[in-house]
Amino acid sequence: MWPTDEESLVARQRELAATPAEPWTPPDEGLRTGGCWVCFARGQAGPGSAGDPAWTASVAMREGRVLEQHVIRGAAGAAYVPGLLALRLGALMEQAVRALAGRPDVLLVDATGRDHPHRAGLALHLGAELAMPTVGVTHRPLRAEGPWPADRRGATSPLRLGDEVVACWLRTRPGVRPLVVHPGWRVDLHTAVALVSGAARRRTPEPLRRARQAAREARSRADVR
DNA sequence: GCGACAG
DNA sequence: ATCTTGTCGC
């Protein structure tokens, strides 16, 4: 179950941050990569609020092919507050990923891992709840800092929170703003970068792109009706 | 007190 | 997250 208030979420985050997780290594072949994306109604700005209608998509891919995808309709658990994204999206994402009949080996999520006030962002949290290795991919860091990498595909540069490297910039396309890659549940930085880089034909890794497309497509169908 | 702050 | 206009490139 997901916490529904700040106090219990923060308690859970502190607990997760201190929980050791068995390191995971991708299989040599046949890797099934999942992606999950949430979108909200168009035309709204700001942090939103509890109950906002949401479309959450999950996809599973293997060797560049979509194996399966689902979109669920649901409602946001809370307004967006930095550091408390799990209150808004956690339950929605878990439900969408559980709708997949075939469990992905690893899940990509647009959220942070250790780059978080309590070192337990939603990518880490969701992986723990699902008992599934996760990698976070965001447009920018939450709290960590570091300069951009060189303008070459695959170039990386560390993002630090104090002395600790908690994530890194990754240039998936030359001439395009880099992404932030966050090691999540049971995944280390090196593995996370390899997975995202390997899955990114465009700026955004394919499973996340497909999930985003599916969620927005479902929203547009709903808009018309 | 104020701004910054994953989505 | 979402919006906005034009613009550049394949």
Side-chain angles (χ1 to χ4, degrees), chain A residues 2-3 6 9-10 12-13 16-17 35-58 71-97 107-129 134-146 159-162 166-170 173-185 187 192 196 201-205 208-209 211-220 222-223:
Chain A
W2 290 84
E6 174 172 356
L9 175 60
V10 170
R12 177 68 175 137
Q13 288 171 340
L16 281 169
C36 183
W37 188 277
V38 183
C39 74
F40 293 97
R42 307 182 54 174
Q44 298 185 342
S49 53
D52 287 344
W55 291 261
T56 307
S58 59
V71 180
I72 62 158
R73 275 298 320 270
Y80 169 68
V81 175
L84 305 179
L85 187 58
L87 292 181
R88 182 161 175 79
L89 304 183
L92 291 171
M93 287 187 160
E94 180 183 359
Q95 189 183 338
V97 175
L107 180 73
L108 271 44
V109 190
D110 54 326
T112 71
R114 249 65 226 209
D115 173 16
H116 182 274
H118 305 301
R119 302 294 196 280
L122 179 55
L124 195 81
H125 194 157
L126 183 63
E129 292 301 319
T134 53
V135 173
V137 177
T138 62
H139 296 309
R140 57 181 196 260
L142 177 56
R143 302 292 291 274
E145 296 179 345
L159 281 157
R160 291 186 168 86
L161 216 43
V166 293
C168 71
W169 291 109
L170 168 65
R173 300 273 299 178
V176 174
R177 180 188 171 90
L179 295 173
V180 182
V181 176
H182 306 262
W185 187 245
V187 176
V196 173
R201 308 185 332 126
R202 313 301 220 97
R203 178 175 184 249
T204 305
L208 280 181
R209 278 190 71 229
R212 179 173 59 195
Q213 283 175 355
R216 289 178 174 171
E217 198 267 336
R219 179 184 61 187
S220 68
D223 284 346

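Convention: sequence-line order gives letters A, B, ...; per-chain numbering from 1. Values reported hereafter were calculated over all heavy atoms of this structure, with side chains retained and with hydrogens, waters and symmetry mates removed.
- When side chains are defined from C-beta on, A/Arg12 counts as touching A/Glu129, because their heavy atoms get closer than 4.5 Å.
- With A/Arg88 as the fixed residue, the side-chain contact (heavy atoms from CB on, under 4.5 Å) test singles out one of A/Asp52, A/Val38, A/Leu122: A/Asp52.
- Among the heavy atoms of the strands lying under 4.0 Å from A/Gly83 is at least one base atom, whether or not backbone atoms are also near.
- A/Pro47 comes within 4.0 angstrom of a nucleotide base, judged by non-hydrogen atoms across all strands.
- Side-chain nitrogen and oxygen atoms of A/Arg42 include at least one within less than 4.0 Å of the OP1 or OP2 phosphate oxygen of C/dC3.
- Looking at heavy-atom distances under 4.0 Å, A/Leu84 makes contact with a base.
- When rounded to the nearest whole Å, the span between CZ of A/Arg88 and C1' of B/dG7 equals 7 Å.
- The distance between atom CG of A/Leu126 and atom P of B/dG7, rounded to the nearest whole Å, is 15 Å.
- Regarding contacts with the backbone of C/dT2, a side-chain N or O of A/Arg219 is found under 4.0 angstrom from either OP1 or OP2.
- For the pair A/His182 NE2 and B/dG7 P, the interatomic distance rounds to 7 Å; values are reported in whole Å.
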Report the C-alpha distance between A/Leu126 and A/Glu94 in whole Å, list the side-chain angles of each, state the deciding distance to 0.1 Å, and finish with yes or no for side chain to side chain contact (heavy atoms under 4.5 Å, CB included).
CA-CA 7 Å; A/Leu126 183 63; A/Glu94 180 183 359; 4.1 Å; yes
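- Between A/Leu108 atom CG and B/dG7 atom P there is a gap of 14 Å when expressed in whole angstrom units.
- Regarding A/Met93, its CE atom lies at a distance of 8 Å from the C1' atom of B/dG7, rounded to whole Å.
- Closest to the A/Arg140 side chain, of the nucleotides B/dG7, B/dA6, C/dT2, is B/dA6.
- In this structure, A/Thr56 and A/Cys36 have side chains that are in contact, with non-hydrogen atoms separated by less than 4.5 Å.
- Proximity note for A/Arg216 (side chain, C-beta onward) versus C/dT2, B/dC5, B/dG7: the nearest is C/dT2.
- Exactly one residue among A/Asp110, A/Val180, A/Leu170, A/Val196 makes a side-chain contact (heavy atoms from CB on, under 4.5 Å) with A/Val137. That residue is A/Val196.
- Contacts of A/Leu89 with the nucleic acid, taken as non-hydrogen atoms under 4.0 Å apart, are absent.
- Going from atom CG of A/Asp115 over to atom P of B/dC5 covers 12 Å, rounded to whole Å.
- With C/dA1, B/dG7, B/dA6 as the choices, the nucleotide that has an atom nearest any side-chain atom of A/Thr112 turns out to be B/dA6.
- Base engagement by A/Gly46 is indicated by at least one non-hydrogen atom pair under 4.0 Å involving a base atom.
- Computed from coordinates, the A/Leu142 CG to B/dC5 C1' distance equals 6 Å when rounded to whole Å.
- Here A/Gly43 lies in heavy-atom contact (under 4.0 Å) with sugar-phosphate atoms only.
- Atom pair A/Phe40:CZ and B/dA6:P shows a separation of 15 Å (rounding to whole Å applied).
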